[in-house]
Every structure is written in structure tokens, then in C-alpha cells.
Amino acid sequence: MAPAMLETEDHTRDAAFNKAMHKDSSKAHGGFSAMLKKDKAAQKAAVDEYFKHWDNKAAKDESPETREARKAEYATLTRHYYNLGTDLYEYGWGQSFHFCRFAYGEPFYQAIARHEHYLAAKIGIKDGDNVLDVGCGVGGPAREIAKFTGANITGLNNNDYQIERATRYAKKEGLADQLKFVKGDFMQMSFPANSFDAVYAIEATVHAPSLEGVYSQIFRVLKPGGVFGVYEWLMTDNYDNNNPHHREIRLGIEQGNGISNMVKISEGIAAIKAAGFELELHEDLAKRPDSTPWYYPLAGDFKMMGSIWDFPTIARMTWWGRGLVHRFVYVLEKVGVAPQGTQKTADSLALGADCLVDGGKEDLFTPMYLMVARKPKA
Ligand SMILES: CC(C)=CCC[C@@H](C)[C@H]1CC[C@H]2C3=C(CC[C@]12C)[C@@]1(C)CC[C@H](O)C[C@@H]1CC3
């Protein structure tokens, strides 16, 4: 396989765009209020840049060239996806941008935290360890794992706005000494070789144009003998790219979630081995016989709700909850309160959500393929 092309990094340009679009909205209390404080022209530029990859590009017409064009601009595509989606994520989901398993009767945020603890335990993070979180979002998992293990965690992220939010939350929770957040492209990390005791990535490395590329970077910065743990987004091996329905699901997930190139489980396993790791454990956690599937909140299934206190969270994710907010956003956009493109972003997230649920129900997709891999000592 040809090595993935890397996009040239320009942190000054990205910082200027962040300032222009988000202004001081990273200080806003919640996602919804932050959403209304953007610069309209900059937001339009982000919308145009993101949707040029998806508009009028139907699954049935997908060609290797369209995929290559997305892969070539993976960093810009993902950065703008999160410029547009972060506030909606926080409003709808909270500060840990990932799915999780649900035990019987388990409340939503408890299950989210347990999923983070599980990964930290599987890779054996200890008090005082120097740990890297690859693609850290607004730092929900890093804060939880720092509290759970006592480790010092560096969060790597390609989006300045998320770094601002993550830094603010860490400070607010008194974790500033244990956590730091660094801007950068995970395909070309600037950390020295052999610098971390452990590395984890929670539903983030799927944004890479090549899993082998990002796993190789992780291998380089991990100390010999160190462990990498990942929850990977992968199409299952039931996925058939020649089946138009399967393809629509995969493309809907990619568009709704800022992904340039999602691959199958077999390719994920091959990539981690090709990067040099010894794969100690791999398992699709979505296949565990849980009574409540990982996608239930997105499917808005109240019957599966673990606690009555989850009602507002789940309600926001039902088709009517989403519909209500999206209509509200439409009106705000029309009267000029919300920036142009907010509605388009919300619609695209909703399409992605429906495809995630279908992908989960039809066993074509998993957001929790667990791999635990070690960098050999010599
Ligand atoms: C993109 C990757 C790799 C991981 C993020 C996983 C999840 C946290 C998101 C996937 C789909 C997202 C949606 C929302 C929140 C975050 C996700 C579940 C919303 C519920 C946010 C509120 C909107 O009105 C609807 C969104 C649907 C999709």
C-alpha cells in the first residue's frame, strides 16, 4: 500500500482561523450558547470547505478519485468538521466524544466513564505515568483517566477550538498540573521518539487517511515495552463495498463524522501489526451479549434508558428531539442569529447518526474495536 500523503501543517493559519470563527466562544458555558457566538463569514468558509467533499457525491458514484481527494485533505476536513460540530456534540452528548457499552440499568454518563476506565485498565496506566491521548476532543476522557489513574496526560488535537475548551475544563476541575493539550497532526507528531509510557486513542484515529500511518507515529513516540490501547471505528468484515446499501451506510457515517477513509476490521488489524506492534488483544466489544446496544441513545430508545435522569440526554438524540433543535436552529439561522451553515451541519450529523444506528443494527460497523498492542522492548 502506498504511504499516505501528509498535509502541510500551518499552526499560525489555523490559530488565526480559530480566532476569526470562534472568537471568545470557547469561554461560553454550554455548547448551545457557544454555537450562537461565531463569526458568520468564517463559519461559512468552514462549511464550504467541509461540504465540498460531500455535496453531489453520491455513494453509488463514489470513485477512487473522490476518496483520494478526501484522504489528501484529511487534516483540513477533520479540523473543519470539528469547527462546525463541537458545540452540537457538547450540547447533545457531553464532553466525552465516544460511544460505550451499557450494563443493565446503567446511567449514560456512568457508562461513558466506565468505557474510559476499562481502556485505562486494559493498558495498565499507573500513577505518575506519562501518557498520550491521541485525538483528545475537549478532554472528557483525559480528565476522567487522569482522576482514575493519577497519570499525567498530554492530549493531542488538530483543532484549536477543542484545545481551548479542553484547557479551560481542565483548569476548572483543578487538573491543570496533570493535563496538557497540544496542537498537532497525529500523522506527523512532533514529540521525540520513545517519550510516553502508554498511549491511548478513543474513537479518534479513524480520522486518519491511513491507520498504518497514525499507528506508526504512535509506535515511534511510545517507549519500548510501552502499551497502546485503542477503540477503533471500523466496518466489520460483513461490509461489502460492492453492495450499494453498505456503501451508503459507510459514506453516511464518513460524511456525518468527518472521516476521509474508514476501513474494515481486517485492515485495522493488519495496520497495527504493520506499524511494528505486537497485538496482545483484539475484540469487537459491540459483539458482547449486552442487553442494551451501544447505539441505543442515538436510536432514542427510551425503553432501554438506564435511569430516569437520562431522559433529557436521550430526548435530545431522538428523531423528534433532534428535529426540534434542528428546526429551532433553522429559524435562528433565517433571522440571522445563528450563522449560515448551522442547519446544514445539524442535518449532516443527523444523517451520520442514522447511518451509525443502521450500521450497528446490521452488524456492518463497530465504534469499539478494542486493540491492545505493545511496542517490543528490543
Ligand atoms: C466522530 C467520531 C469518530 C466520534 C464521535 C462519536 C459520538 C460522540 C458522535 C457521533 C455522532 C454524534 C451526534 C451527536 C453527538 C455526538 C455523536 C453521538 C448529536 C446527538 C448532537 C446533537 C445533534 O442535534 C444530533 C447529533 C447526532 C450525531
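First listed ligand is number 1; within each ligand, the first listed atom is number 1. In what follows, every heavy atom counts, from backbone to side chain, and hydrogens, waters and symmetry copies are set aside.
Among H207, R316, H326, the residue whose heavy atom sits closest to atom 24 (O) of ligand 1 is H326.
Set against the non-hydrogen atoms of R322, the atoms of ligand 1 under 4.0 Å away are 25 (C). Every atom of ligand 1 with a heavy atom of L349 under 4.0 Å away is listed here by number and element: 27 (C), 28 (C). For ligand 1, the atoms lying closer than 4.0 Å to a non-hydrogen atom of Y82 are 1 (C), 2 (C). Heavy-atom proximity to H98, at under 4.0 Å, picks out these atoms of ligand 1: 8 (C). Under a 4.0 Å criterion applied to the non-hydrogen atoms of N257, ligand 1 contributes the atoms 1 (C), 10 (C), 11 (C). Near L356, with a cut-off below 4.0 Å to any heavy atom, the atoms of ligand 1 are 10 (C), 11 (C). Close contacts of ligand 1 with M317, meaning ligand atoms under 4.0 Å from a residue heavy atom, involve 20 (C). Near V206, with a cut-off below 4.0 Å to any heavy atom, the atoms of ligand 1 are 3 (C).
Every heavy atom of V325 sits 4.0 Å or more from the atoms of ligand 1.
Among all protein heavy atoms, the one lying closest to atom 18 (C) of ligand 1 is W93 CE3, 3.5 Å. When hydrogens are left out, the protein atom nearest atom 21 (C) of ligand 1 is L88 O, 3.4 Å; that is the closest non-hydrogen contact. Closest to atom 13 (C) of ligand 1 among all protein heavy atoms lies L298 CD2, 4.4 Å. Looking only at heavy atoms of the protein, atom 1 (C) of ligand 1 is closest to Y89 OH, 3.2 Å. Of all protein heavy atoms, the one lying nearest to atom 3 (C) of ligand 1 is E203 O, 3.1 Å. Closest to atom 2 (C) of ligand 1 among all protein heavy atoms lies W233 CZ2, 3.4 Å.
Within a 4.0 Å radius of atom 15 (C) of ligand 1, the protein contributes one or more non-hydrogen atoms. Counting protein heavy atoms under 4.0 angstrom from atom 9 (C) of ligand 1 gives one or more.
Side-chain contact check for R143 and Q95: at least one donor-acceptor pair (N or O, by modelled atom type) lies under 3.5 Å.
A cation-pi contact, defined as under 6.0 Å to the ring centre and within 45° of the axis, links K344 to F51. Judged by the 6.0 Å and 45° rule, R374 forms no cation-pi pair with F277. A cation-pi arrangement is absent between K264 and F365 under the rule of less than 6.0 angstrom and at most 45 degrees off the ring axis.
In this structure a side-chain-to-backbone donor-acceptor pair under 3.5 Å is missing from D284 to Y369. A distance-only check finds no donor-acceptor pair linking the side chain of W233 to the backbone of T205 [under 3.5 Å].
The only member of R220, K375, K223 that meets side chain to side chain donor-acceptor pair (under 3.5 Å) when paired with N194 is K375. With respect to H80, the ring-ring contact (aromatic ring centres under 6.0 Å, His included) criterion is satisfied by exactly one of Y161, W54, Y50, F17: F17.
Aromatic pair F228/F219: ring centres not closer than 6.0 Å.
Within 6.0 Å of CZ in F302 there are more than 12 heavy atoms belonging to other residues, nucleotides or ligands. With a 6.0 Å radius and a threshold of 12 heavy atoms from other residues, nucleotides or ligands, K126 has its NZ atom at or below the threshold.
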